[in-house]
Amino acid sequence: QVPLVESGGGLVQPGGSLSLSCVASGITFSTYSVGWYRQAPGNQRELVASATSDNIVYYSDSVKGRFTISRDNAKKTAYLQMNNLKPEDTAVYYCKANYGRSGKYDYWGQGTQVTVSS
């Protein structure tokens with residue numbers, strides 16, 4: 001069992017900020033890649049940001065310059081800082097931790113709702 005527990009979602013006005021956290025347990029977190037995904041109603045799941053174990057970072061074009069992914073390996077926690085939020089950012093956000101590319105060591109959080117509206 002490798003639970004990933006997410007927190008930090010909620011309702012925010014356009015232009016506002018929100019920070020998501022994802023806490024892992026039961027794994028050597030520092031050796032895992034982490035990623036943040038989102039899925040809006042009627043949309044496919046999309047990768048928003050990721051960080052490898054070597055801290056190579058990726059951002060989707062839609063969030064580049066607004067979102068920042070970070071990790072604290074000692075706390076086994078991944079973060080997603082979201083600034084200048086837009087209504088189109090509204091989605092359920094999921095964190096993922098994975099080791100390798102086989103899929104044998106892929107773990108997902110429960111999801112947290114982010115709503116940008118006013």
Side-chain angles (χ1 to χ4, degrees):
Q1 184 195 26
V2 183
L4 303 180
V5 180
E6 302 179 30
S7 62
L11 175 65
V12 65
Q13 293 183 339
S17 297
L18 212 56
S19 182
L20 307 182
S21 299
C22 176
V23 182
S25 63
I27 60 173
T28 305
F29 185 74
S30 62
T31 68
Y32 280 66
S33 295
V34 297
W36 288 95
Y37 296 74
R38 68 187 182 189
Q39 187 165 18
N43 287 32
Q44 298 291 318
R45 182 193 66 182
E46 65 170 333
L47 176 63
V48 173
S50 64
T52 69
S53 60
D54 295 326
N55 216 22
I56 304 299
V57 174
Y58 162 85
Y59 298 98
S60 69
D61 289 340
S62 62
V63 308
K64 194 173 299 181
R66 300 187 297 120
F67 290 13
T68 303
I69 187 172
S70 62
R71 58 191 299 168
D72 186 334
N73 291 332
K75 296 181 178 180
K76 295 187 175 183
T77 302
Y79 304 93
L80 186 67
Q81 178 65 47
M82 304 182 291
N83 298 323
N84 192 24
L85 283 161
K86 304 175 179 180
E88 51 263 44
D89 296 318
T90 296
V92 177
Y93 284 70
Y94 300 90
C95 67
K96 176 187 176 183
N98 73 279
Y99 180 86
R101 298 180 178 180
S102 69
K104 294 181 180 179
Y105 307 104
D106 289 7
Y107 306 103
W108 290 86
Q110 82 281 4
T112 184
Q113 177 70 49
V114 172
T115 302
V116 185
S117 179
S118 182

Fill in: Backbone of Ser19 reached by a side-chain donor or acceptor of Gln81 within 3.5 Å
no

Worksheet item: Tyr99 vs Tyr32 aromatic rings, parallel, tilted or perpendicular, using cut-offs 30° and 60°?
Response: tilted

Worksheet item: Are Val114 and Trp36 co-members of a hydrophobic cluster defined by side-chain heavy atoms under 4.5 Å apart?
Response: yes

Discussion item. Let me check something: do Leu18 and Tyr37 share a hydrophobic cluster, defined by ILVMFWY side-chain heavy atoms less than 4.5 Å apart, either directly or through other members?
Written reply: no

Worksheet item: Got a donor-acceptor contact below 3.5 angstrom from the Thr115 side chain to the Thr90 backbone?
Response: no

Worksheet item: What closest approach, in Å, do Leu80 and Ala49 show between heavy atoms, and which atom pair accounts for it?
Response: CD1-CB, 4.2 Å

Worksheet entry | N/O donor-acceptor pair under 3.5 Å between Asn43 side chain and Arg45 backbone | no

Worksheet entry | From CA spacing to verdict: side-chain contact (heavy atoms from CB on, under 4.5 Å), Lys76, Ser25 | CA-CA 7 Å; Lys76 295 187 175 183; Ser25 63; 5.6 Å; no

Worksheet item: Ignoring hydrogens and geometry, is there a side-chain-to-backbone donor-acceptor pair from Arg71 to Thr52 under 3.5 Å?
Response: yes

Discussion item. Please find the pair of heavy atoms, one from Cys95 and one from Glu6, that lie closest to each other, and give the distance.
Written reply: N-OE2, 2.8 Å

Fill in: Heavy atoms from other residues, nucleotides or ligands near CD of Gln110 exceed 12 (cutoff 6.0 Å)
yes

Worksheet entry | Tyr59 and its side-chain contact (heavy atoms from CB on, under 4.5 Å) partner, picked from Leu47, Val48, Thr68 | Thr68

Worksheet item: Side chain of Thr112, backbone of Gly9: donor and acceptor closer than 3.5 Å?
Response: yes

Discussion item. According to a hydrophobic-cluster definition based on side-chain heavy atoms being under 4.5 Å apart (Ile, Leu, Val, Met, Phe, Trp, Tyr only), do Leu4 and Phe29 belong together?
Written reply: yes

Worksheet item: Does Tyr58 OH have over 12 foreign heavy atoms under 6.0 Å away?
Response: yes

Fill in: Any donor-acceptor N or O pair under 3.5 Å, side chains Ser60, Ser62
yes

Worksheet item: In the single-linkage hydrophobic clustering (I, L, V, M, F, W, Y; side-chain heavy atoms under 4.5 Å), do Tyr93 and Val57 co-cluster?
Response: yes

Item to complete: Flag yes if Tyr79 and Leu20 sit in one hydrophobic cluster, no otherwise; membership is Ile, Leu, Val, Met, Phe, Trp, Tyr, and two members link when side-chain heavy atoms are under 4.5 Å apart.
Response: no

Worksheet entry | Contact summary for Asn83 and Ser17, nearest pair of heavy atoms | OD1-OG, 2.9 Å

Discussion item. Do Thr28 and Ser30 make a side-chain contact, defined as non-hydrogen atoms from C-beta onward lying under 4.5 Å apart?
Written reply: yes

Discussion item. Between Thr77 and Lys75 (side chain of the first, backbone of the second, donor and acceptor by atom type, cut-off under 3.5 Å), is there such a pair?
Written reply: yes

Item to complete: With rounding to the nearest 0.5 Å, note down the distance linking OG in Ser117 to CG in Leu85.
Response: 12.0 Å

Worksheet item: Can you name the nearest heavy-atom pair linking Asn84 to Arg66, along with the distance?
Response: O-NH1, 3.0 Å

Worksheet item: Charged N to carboxylate O below 4.0 Å: is that the case for Asp89 and Lys86?
Response: no

Item to complete: For Arg38 and Glu46, work out which heavy atoms get closest and say how close.
Response: NE-OE2, 2.6 Å

